[in-house]
Amino acid sequence: MEKLCKKVEIDTVFRSRKAVSTPALTLHFSRNSVSRNRVVIMAGKKVGTSVVRNRARRVIWEFLRSSEPLLRQGMDMVWVVRPELGGKSNSEIRSLEESLLKEAGIWAAPKEHPGEFFLDFPSPHGGARGGT
RNA sequence: GGAGGAGGCUGGGUGAUCGCGGGCCUGGCAUCCGUGAAAACGGGUACGACAAGGCCUGAGGAAAGUCCGAACACCAUAGGGCUGGACGCUGGGUAACGCCCAGUGGGGGCGACCCCGAGGAUAGUGCCACAGAAAUGUAAACCGCCGCUUUGGUCGCUUUCCGGUCUUUCGGGACGGGAAGGUGAUUGAUGGUGCAAGGGUGCAACGGUGAGGUAAGAGCUCACCAGCGGCAGGGUGACCUGCCGGCUAGGUAAACCCCGUCCGGUGCAAGGCCAAAUAGGAGGGAAGCAGGGCAAUCGUCUGUGCGAACAGGCGGGAGUUCUGCACCGGCGGCCCGUCGGUCCCUCGGGUUGGCCGCUGGAGGUGUCUGGCAACAGACACCCAAGACAGAUGGUCACCGCUUUCAGGCAACUGAAAGAACAGAAUUCGGCUUACAGGUCGCCUCUUCUG
RNA sequence: GGCCCCAUCGUCUAGCGGCCUAGGACGCCGCCCUCUCACGGCGGUAACGGGGAUUCGAAUUCCCCUGGGGCUA
């Protein structure tokens, strides 16, 4: 699992229009061309002070890291933190993440149909992407 | 014991485990990076790059707000004037400051102690609403106070005259009344004068209190206080103390302003280097004048020559160069000055990579010396984050703290919950703001006991 | 990260330190006009971001917070 840094790649994830959300947390995701997962966690100024924002990033990142063996690989994820997350405890944040991952199909569920899920993935720019 | 005052320190700890940033070491290595499906191509390097392991190290007192001051970098080695801005008791500290220390003055508190943007209102200008007679002018007189002029009322005393009652020694006497006049007290009206003490208005009314003085009053006179000026003494100074003088000067400068001191601008996204990529595009402005030098070349004259031509003189001269002015641009808004220049500005187009700056510094800690202190000096020891979507966290256990509940007379035991403000971004010195607690001595007032 | 600016009724805005108990427009509410609606007329509702300081007096001047916005490779 590595970090997703470039603005162009992050914009690609947003353009895929695949997202699940709760009032406190939103997960945008798309499939990538690398075989590893790439993650970025965004916490804007409206979430709170730098202490609140950095704590949210660490907690989210730490849960993803510790539960990586259970996740499907080859995904780009953009986590967007919303102001409601400020008052949540660490265990609450973890359960929120788990439910979002399950909803997005990234969490390795008991019944696995990976091929079916990725079939309806929209290829951006009318299939102009090479290499897939 | 209670109530306070001022200041310093600290900002949970230990262990296990999984992770993150930086550095070093070890072993392995023709490897590493980019493009590519691969082959391959391009590039970097054996003081190298990558991955693994080990070790070391890794947020704050405010890292914050960005309110001041600097260092550093570029713009000229940061220049002059105007404008503008900041500061403002005194002395010291400091690289510097709007900060700190010590003092002065004022205000608050019984006190320890705390607070103060605290230069100039006699340099000038402005403003002081409403109310009030009057809001700064040696002004003004509403209610008032005083004597005086004119004119009344009441009362007292007195002179003259006229009656009355009683009495008589018939000379008168006593009592009371009326009229006219004089005089005094008091009171009213009127007029002009004197006064500013009192009332009233207001944030503020031209010193305050007391005594003398006066028709009533007034610094009119005196004492004390406050304020002003001068002199003397003390202090580096702010200022303090004493004496003398003339007796009066309102407030506001966080209103303009005056005085003194200081200030060029921009800010590490400063700035420098490397690599890569794109374009030579569009719009606008300016490419002017004068003089001098050189000069392709042209015209003309003279000379030589049969001639082509050559040489010399004169005149013009594309171009080029120099000087001055102008223009444009850089150096805060303007002027000067200065530097650069045929280009300058705006838009459009490309890149969104790497390295340096980047952490050893006005640095900390300790001791000694100087100083009331801030601080300075000497010596010794120490090196303590440097990221670039941005590193300190998760889980578990135990201990310590606080609260609640249960048990217990109590010491205590058990369970649950909680633990502030807050995260480095070029670096320092301050200020300001936020902050759960814990802890250390010092000081003041008060109560009780001995 | 650095450097700046702004804050007045629900909205857009006026507002020399005293006439501010803060004005106007659009809203909103009520009444009148009309057969009814619109237009029009009359009246009302409603604000100086918070705290401190200067001043006799502050929306206005000064300081500190709070909340918005902009510029900068």
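So that the names make sense, note that chain A is the first sequence line, chain B the second, and so on, each numbered from 1.
- In this structure, Met42(A) places its CE atom 11 Å from P of G390(B), rounding to the nearest Å.
- Shown here are the salt bridge (Lys or Arg N to Asp or Glu O under 4.0 Å) partners of Glu97(A), two or more places apart in sequence or in another chain: there are none.
- Comparing the same atom, P, in G423(B) and in C435(B) gives a spacing of 14 Å after rounding to whole Å.
- Comparing Ile41(A) and Val52(A) by the nucleotide of RNA chain B that holds the closest heavy atom to each, the one mapping nearer the 5' end is Ile41(A).
- Distance Arg55(A) CZ to A391(B) C1': 18 Å, rounded to the nearest Å.
- Only the P atoms considered, G194(B) is 36 Å distant from U252(B), to the nearest whole Å.
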Review item, nucleotides 18-21 of chain B N/O atoms under 3.5 Å of protein N/O:
from, atom 1, to, atom 2, distance (Å)
C18(B), O2', Arg65(A), NH1, 3.1
C18(B), O2', Arg65(A), NH2, 3.0
G19(B), O5', Arg65(A), NH1, 3.4

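- Residues satisfying the salt bridge (Lys or Arg N to Asp or Glu O under 4.0 Å) criterion with Lys102(A), sequence neighbours excluded, are Glu98(A).
- A distance of about 16 Å separates the P atoms of C421(B) and G393(B), rounded to the whole Å.
- Base orientation for G219(B): syn, the chi torsion being within 90° of 0.
- Atom P of C113(B) sits at a distance of 11 Å from the matching atom of G103(B), rounded to the whole Å.
- Nucleotides U320(B) and C356(B) have their P atoms positioned 49 Å apart, rounded to a whole Å.
- The distance from atom CG of Leu25(A) to atom CH2 of Trp79(A), rounded to the nearest 0.5 Å, is 5.5 Å.
- Here OG of Ser99(A) is found 13.5 Å from CZ of Arg94(A). Values are rounded to the nearest 0.5 Å.
- For the P atoms, the distance from G377(B) to U55(C) is 44 Å, rounded to whole Å.
- Considering OG1 of Thr49(A) and CZ of Arg55(A), their distance stands at 10.0 Å, rounded to 0.5 Å.
- Relative to the axis of its first five pairs, the axis of the last five pairs of the helix from U150(B)-A189(B) to C162(B)-G177(B) sits at 10°, rounded to 10 degrees.
- Using the Watson-Crick or G-U wobble rule with both distances under 3.5 Å, U66(B) pairs with nothing in any strand shown.
- The partner of A279(B), taking Watson-Crick or G-U wobble pairs whose two distances both stay under 3.5 Å, does not exist in any strand shown.
- Using the Watson-Crick or G-U wobble rule with both distances under 3.5 Å, C228(B) pairs with G245(B).
- Distance check, rounded to the nearest 0.5 Å: CD of Glu103(A) to OG of Ser21(A) gives 7.5 Å.
- Using atom P as the reference point in both C239(B) and A121(B), the two lie 12 Å apart (nearest Å).
- Taking a pair to require two hydrogen-bonding distances under 3.5 Å in either a Watson-Crick or a G-U wobble arrangement, A290(B) pairs with U323(B).
- Nucleotides G19(B) and G54(B) are separated by 11 Å at their P atoms, to the nearest Å.
- At a threshold of 4.5 Å between side-chain heavy atoms, the hydrophobic network of Ile, Leu, Val, Met, Phe, Trp and Tyr places Ile93(A) and Val51(A) in two separate groups.
- The side chain of Ser50(A) contributes no N or O atom lying less than 4.0 Å from OP1 or OP2 of A422(B).
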Restricting to nitrogen or oxygen on both sides, can you table the protein-nucleotides 395-397 of chain B pairs closer than 3.5 Å?
from, atom 1, to, atom 2, distance (Å)
U395(B), OP1, Arg94(A), NH2, 3.1

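- Shown here, U11(C) forms a base pair with A25(C); the pair counts as Watson-Crick or G-U wobble because both key distances fall under 3.5 Å.
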Distances under 3.5 Å between protein N/O atoms and the N/O atoms of nucleotides 58-66 of chain B, please, pair by pair.
none

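- Whole-Å rounding puts the Arg38(A) CZ to A389(B) P distance at 15 Å.
- A distance of 7.0 Å separates CD in Gln73(A) from CG in Leu71(A), rounded to the nearest 0.5 Å.
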